[in-house]
Amino acid sequence: MKIFGAALAAAAIFGNIALADVDPIVIKGSKFFYQTNGTQFFIKGVAYQQDYAPNGGSTSNTTSTSTYTDPISDDSSCLRDIPYLQQLGTNAIRVYAIDPTKGHDKCMNALADAGIYVIADLSAPGQSIIRSSPSWNDDLYTRYTQVIDSMAQYTNTLGFFAGNEVTNNDTNTDASAFVKAAVRDMKTYIKQKNYRTIGVGYATSDDAGIRQLVAEYFDCGDRSQAVDFWGYNIYSWCGDSSYSESGYDQRTAEFANYDVPVFFAEYGCNEVQPRTFTEVQALYGDQMTPVWSGGIVYMYFEETNHYGLVSVSGDSVSTLVDFENLSSQIAAATPSGVNSASYTPTNTAAAQCPSIASTWAASNTLPPTPNRELCQCMYSALTCAPNRITDEEAGALFGTVCGLGQRSGVCAGITNNATTGSYGAYGMCNSTEQLGWALNAYYLAQTGSNRASACDFSGSATTKSPASATGSCSALIAQAGPQGTGTVTSAPSGTGSAGGSGSSGSAGSSGSGNAAPRFGSTAVFGTGIAISAYISLAFVSGMAMIFL
């Protein structure tokens with residue numbers, strides 16, 4: 001066991017803040033390469049985030065006030081840990097949530113100086129696609145683009161994950177359509193911003209019933225919608241296992257013809273402790289390197305789940321037995337690759353899209369691209385809108401108004417059905433805007449004396465003076481149509497810029513000041529409330545009626 005002080009860690013890192021320039025990693029066929037010399041790049045990575053459980057889009061999210069520690073904005077901890085990452089032979093880290101309003105220059109430069117690249121998840125606690133009630137909306141679009149804006153400037157940013165284990169069994173495969181829409185839109189955004197080419201991928205679970213279907217779905221169809229790389233969270237090699245016993249041989253055969261790079265986004269089963277990491281020699285050996293581009297060990301920090309490689313107390317880091325074992329295994333791993341110039345990809349065909357069946361419910365037709373301008377135009381033009389109410393009150397109100405207006409289709413404009421591929425034009429708006437649309441549609445559907453009280457809902461909604469839709473607003477609303485079921489072809493005009501340059505960073509805007517108000521004091525309703533669940537329940541049961 002070794003202990004290094006903070007002074008040693010700091011001394012090992014160059015202190016400049018100017019952006020370090022390292023050779024970017026590029027993709028050709030199913031492999032990663034250093035851009036300049038064409039040497040194949042194998043990921044020898046470590047998951048690096050403290051006090052954060054990557055739960056794969058859990059059944060519910062907390063609000064946007066959820067806290068987490070951004071590991072690459074915490075300069076002192078980052079500088080403290082880099083010597084240990086180097087000792088492990090690490091050339092990449094995976095971070096699960098960053099704060100795009102904070103600065104990352106110092107840590108990213110130090111990582112670059114150490115030859116370490118970063119794969120960043122785009123989501124965060126309270127800001128992710130939820131598997132039980134998935135949506136891809138303008139709030140999430142803003143969050144994801146802000147992360148890209150924050151990280152694209154660094155040449156040691158290897159890529160982004162648009163989701164982690166969001167679909168994890170055959171009961172929530174429809175959620176994959178929303179994640180794939182996020183992949184599509186983030187790839188488009190990177191091109192629109194003229195950033196260098198940075199890959200966008202997905203990290204999947206190892207569920208035997210759907211793993212091949214998920215891999216096929218994210219790779220099939222138009223390449224502008226497909227993943228650039230595929231991450232596999234796999235924990236099947238436990239203790240003294242083998243290439244065949246662990247199923248590595250079968251997984252390798254399954255991905256032999258995959259047309260984009262594949263790697264282990266998480267690995268390191270801890271059912272047998274201490275971990276000896278004998279799978280490392282297989283992963284970087286001759287049987288797997290023609291298919292796999294390495295992997296990321298879960299994880300650096302020791303916590304209650306006992307996956308840690310080190311124990312941290314303030315400025316002191318103590319290496320554990322797992323650290324020593326992994327370090328020895330990585331040092332002995334010498335993968336043999338190819339050079340980009342002499343490599344001609346042969347596995348160039350995209351996968352076939354899975355058909356809708358009992359085990360697969362995600363259509364090849366993806367949700368629309370979130371368009372904050374459209375949503376704000378629509379909300380400003382409403383006559384009936386929600387008051388500032390709690391998340392719980394808003395959730396009940398969704399069910400009520402959709403139930404009351406079931407026959408007139410007041411919620412058609414906000415309905416998302418990934419199985420049929422039917423999406424309302426406003427289904428990608430945030431939940432405040434969606435509720436406003438539903439309330440207003442119900443209000444306008446009433447006639448005579450009924451309309452006078454049709455925008456009350458026991459004080460939860462009120463009438464207001466609508467803004468006249470002119471110019472681009474008029475055109476966008478016209479494309480959406482009077483029922484909100486039209487196709488909006490105009491692309492989002494805003495950006496996700498959130499500041500964060502420099503070591504301290506500065507908070508930035510997530511959208512126009514004319515955005516729809518949020519429910520509650522700080523919560524963004526819709527990150528924690530199952531909107532589509534309320535709408536579906538209303539359509540199925542009719543809900544209990546509020547008599548106006």
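Remember, predicted model here, so these are calculated numbers, not experimental data. Hydrogens, waters and symmetry mates are skipped; everything else that's a heavy atom, side chains included, is used. Sequence positions, counted from 1, serve as the residue numbers for this chain.
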Any idea which heavy atoms bring S135 and L140 closest together, and the distance?
-> O-CD1, 3.5 Å
Donor-acceptor pair between N430 and Y141 side chains, under 3.5 angstrom | no
Counting only N and O atoms by type, is there a donor-acceptor contact under 3.5 Å from the side chain of S30 to the main-chain atoms of D259?
-> no
Side chain to side chain, Y298 and Y267, heavy atoms closer than 4.5 Å | no
Sidechain-backbone polar pair: D228 side chain, V200 backbone, donor-acceptor under 3.5 Å | yes
Sidechain-backbone polar pair: T90 side chain, A92 backbone, donor-acceptor under 3.5 Å = no
D185 side chain to W136 side chain, donor-acceptor N/O pair below 3.5 angstrom = yes
Sidechain N-carboxylate O distance under 4.0 Å for R372, D139 | yes
Does one side chain, of N109 or H104, offer a donor that lies under 3.5 Å from an acceptor on the other?
-> no
How about L283 and F42: do any of their side-chain heavy atoms sit closer than 4.5 Å?
-> no
S380 side-chain N/O to C377 backbone N/O, donor-acceptor pair under 3.5 Å = no
If you take all heavy atoms of E393 and I389, which pair is closest and at what distance?
-> OE1-CB, 3.2 Å
Without hydrogens or angle criteria, can the side chains of T101 and D99 be said to hold a donor-acceptor pair below 3.5 Å?
-> yes
Just by modelled atom types, is the G471 backbone N or O under 3.5 Å from a matching donor or acceptor in the S474 side chain?
-> no
Judged by atom type as modelled, is there a donor-acceptor pair below 3.5 Å linking the side chain of N347 to the main-chain atoms of Y258?
-> yes
Would you give the length of the straight line joining atom OH of Y423 to atom OG1 of T420, rounded to the nearest 0.5 angstrom?
-> 7.0 Å
Taking the six-membered ring for Trp, are Y426 and W437 parallel (under 30°), tilted (30 to 60°) or perpendicular (over 60°)?
-> tilted
Would F33 and F41 satisfy ring-ring contact (aromatic ring centres under 6.0 Å, His included), going step by step from the backbone distance to the final call?
-> CA-CA 5 Å; F33 296 96; F41 180 81; over 10 Å; no
Where Q225 and L366 come nearest, the two heavy atoms and their spacing = OE1-CD1, 3.6 Å
Is the side chain of Q127 donor-acceptor paired with the backbone N or O of R143 at a distance under 3.5 Å, no angle test?
-> no
Could you tell me how the ring of F161 sits relative to the ring of F263: parallel (under 30°), tilted (30 to 60°) or perpendicular (over 60°)?
-> tilted
Cut-off 3.5 Å, no hydrogens considered: what does the side-chain donor-acceptor table look like for residues 174-181, sequence neighbours left out?
{"from": "S176", "atom 1": "OG", "to": "T167", "atom 2": "OG1", "distance (Å)": "2.8"}
{"from": "K180", "atom 1": "NZ", "to": "Y217", "atom 2": "O", "distance (Å)": "2.6"}
{"from": "K180", "atom 1": "NZ", "to": "C220", "atom 2": "O", "distance (Å)": "3.0"}

Minimum heavy-atom distance C78-P71, with the two atoms named = CB-O, 4.0 Å
When you measure from the side chain of E165 to the backbone N and O of A203, does any donor-acceptor pair fall under 3.5 Å?
-> no
Is there a side-chain contact between V260 and I27 (heavy atoms, below 4.5 Å)?
-> no
Contacts satisfying disulfide bond (SG atoms under 2.5 Å apart) that involve residues 154-189 (not counting sequence neighbours) are none
Closest non-hydrogen atom pair between P386 and Y379, with its separation | CD-OH, 3.6 Å
Cut-off 3.5 Å, side chains only: do N169 and T171 have a donor facing an acceptor?
-> yes
Q376 side-chain N/O to E373 backbone N/O, donor-acceptor pair under 3.5 Å | no
Without swapping roles, check the side chain of R131 against the backbone of V166 for a donor-acceptor pair under 3.5 Å.
-> yes
Short side-chain donor-acceptor distance under 3.5 Å, Q479 and S490 = yes
Kindly assign one of parallel, tilted or perpendicular to the pair Y232 and F264, based on the angle between their ring planes and the thresholds 30° and 60°.
-> perpendicular
Flag for W292-T252: side-chain donor and acceptor within less than 3.5 Å = yes
Name all residues meeting the side-chain contact (heavy atoms from CB on, under 4.5 Å) criterion together with A112; count only those two or more places apart in sequence or in a different chain, and write none if there are none.
-> A20, V22, N156
Please determine, by modelled atom types, if Y48 and D81 share a side-chain donor-acceptor pair under 3.5 angstrom.
-> yes
Minimal heavy-atom distance between C107 and I72, with the atoms involved, is CB-O, 3.2 Å
Decide side-chain contact (heavy atoms from CB on, under 4.5 Å) for N194 and Q192; before the verdict, give the C-alpha distance in whole Å, the side-chain angles of both, and the deciding distance to 0.1 Å.
-> CA-CA 5 Å; N194 292 317; Q192 287 176 340; over 6 Å; no
